[in-house]
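None of the values given here were measured: they were computed from a predicted structure. Chain A is the first sequence line, chain B the second, and so forth, proteins listed ahead of strands; every chain is numbered from 1.
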There are 2 protein chains.
Amino acid sequence: MVDDVDRALLVLLQQDATQSYETLGQAVGLSAGSAHARVRKLRDRGVIRRTTIEVDPAAIGRGVCAYVLIKAGEWMGDPPTRDALLAIAGIQEAHIVAGAASLLVKVRTATTEELQATLREIFAVEGVTGTETVVVLETFFEKPVRP
Amino acid sequence: MVDDVDRALLVLLQQDATQSYETLGQAVGLSAGSAHARVRKLRDRGVIRRTTIEVDPAAIGRGVCAYVLIKAGEWMGDPPTRDALLAIAGIQEAHIVAGAASLLVKVRTATTEELQATLREIFAVEGVTGTETVVVLETFFEKPVRP
DNA sequence: CGTGAAAAGGATCGGCC
DNA sequence: GGCCGATCCTTTTCACG
């Protein structure tokens with residue numbers, strides 16, 4: 001389904017999605033046309049979800065990062081909960097998790113005041129009985145995925 | 001430093017970094033050339049860190065996702081710790097955090113057995129006195145950052 | 001699946017407002 | 001800063017192995 005050449009292409013594109021198919025092809029021992037065909041198929045199959053840019057959070061007023069574990073008194077894995085969390089601007093990711101907490105969300109804000117406001121919003125969501133916040137002081141690293 | 005037009009460009013590029021500067025320019029009311037100049041400057045200033053692809057984790061054998069809170073008996077915010085964590089294949093992100101735990105890492109593996117192996121590797125790192133693992137059952141959503 | 005080459009469309013640069 | 005226009009390069013497609 002995804003062979004070694006595909007994996008190599010994925011790694012290269014994760015590093016830099018602006019390089020030409022010519023360059024890409026040379027790196028994996030293929031012609032530009034073939035490299036292109038491979039990548040198109042990866043896109044069509046959904047292996048490549050999209051091409052994006054990585055933005056420096058601090059440069060756009062999102063310098064504060066925290067993970068919030070959310071405890072619930074009821075099942076919160078349904079669309080209404082999802083929509084309520086989606087509507088909170090400070091929340092960037094939301095996951096249903098196993099363990100003492102029901103949900104884990106990643107929050108990014110400009111200031112700690114905004115973080116506080118976001119926590120208030122989280123508490124206002126139906127079913128939330130408690131939160132535990134882990135504030136990120138520094139990000140050590142973020143590796144691209146190795147396929 | 002980053003005005004409204006820049007912010008609009010960042011949002012558009014996060015959604016789809018493959019669109020032409022012509023399209024981009026029309027969306028923000030600029031010519032293709034000017035849109036291009038804006039984006040280049042955003043790159044040069046480091047606001048745009050890089051252009052990447054988003055890969056479906058399940059498609060490349062990374063279907064299992066977990067967050068691990070790491071407790072330490074000593075300060076673990078120095079390069080040696082960083083390097084030790086970098087060397088662990090299953091770890092995708094590592095953050096220094098405030099709270100009961102010292103570090104928070106994001107782990108992605110193909111299977112729960114591999115997750116277990118990764119936890120073993122984490123315990124082998126100098127200074128680690130305990131871990132608390134939060135397994136992700138389902139990802140609700142991952143929003144692009146709104147500048 | 002791969003290749004090579006032609007056609008179409010963008011990226012990029014310089015001169016100018 | 002932004003616009004326009006002219007190259008140059010890439011993406012994209014196609015007939016063929």
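Taking the side chain of A:Leu30 as heavy atoms from C-beta on, and the options C:dT3, D:dG2, C:dC1, the nearest nucleotide is C:dT3. Of the candidate nucleotides D:dC4, C:dC1, C:dG4, C:dG4 has the atom lying nearest to any side-chain atom of A:Ser31. Checking D:dT10, C:dA11, D:dG2 against the side-chain heavy atoms of A:Ser20 singles out D:dT10 as nearest. For A:His36, the listed nucleotide lying nearest its side chain is D:dT11; candidates were C:dG2, D:dT11, D:dC3.
A:Asp44 has its CG atom 14 Å from the P atom of C:dC1, to the nearest Å. Note: CD (A:Glu22) to P (D:dT11) measures 9 Å, nearest angstrom. B:Gln19 places its CD atom 16 Å from the C1' atom of C:dG9, with the value rounded to the nearest Å. To the nearest angstrom, P of C:dA11 lies 11 Å from CG of B:Leu13. Spacing between atom CD of A:Gln26 and atom P of C:dG4 amounts to 12 Å, rounded to whole angstrom units. In this structure, CZ of B:Arg45 is placed 13 Å from C1' of D:dG1, rounded to the nearest angstrom. Between the P atom of C:dC1 and the CG atom of A:Leu9 lies a distance of 13 Å, rounded to the nearest Å. The distance from atom CZ of B:Arg38 to atom P of C:dC13 is 19 Å, rounded to the nearest whole Å.
At the heavy-atom level, A:Ser34 lies under 4.0 Å from base atoms of the strands shown. Counting any heavy atom pair closer than 4.0 Å across all strands shown, A:Arg40 reaches no nucleic acid atom.
Under the ring-ring contact (aromatic ring centres under 6.0 Å, His included) criterion, A:Phe140 pairs with no residue at all, not counting sequence neighbours.
Between B:Arg45 and B:Asp6 there is a salt bridge, with a side-chain nitrogen of the basic residue lying less than 4.0 Å from a carboxylate oxygen of the acidic one.
Classification of the A:His36-A:Tyr21 ring pair by plane angle, with boundaries at 30° and 60°, yields perpendicular.
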Apply side-chain contact (heavy atoms from CB on, under 4.5 Å) to B:Thr51 and A:Thr52, showing your working. CA-CA 6 Å; B:Thr51 303; A:Thr52 9; over 6 Å; no
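The local environment of CD in A:Glu126 is sparse, with at most 12 non-hydrogen atoms from other residues, nucleotides or ligands closer than 6.0 Å.
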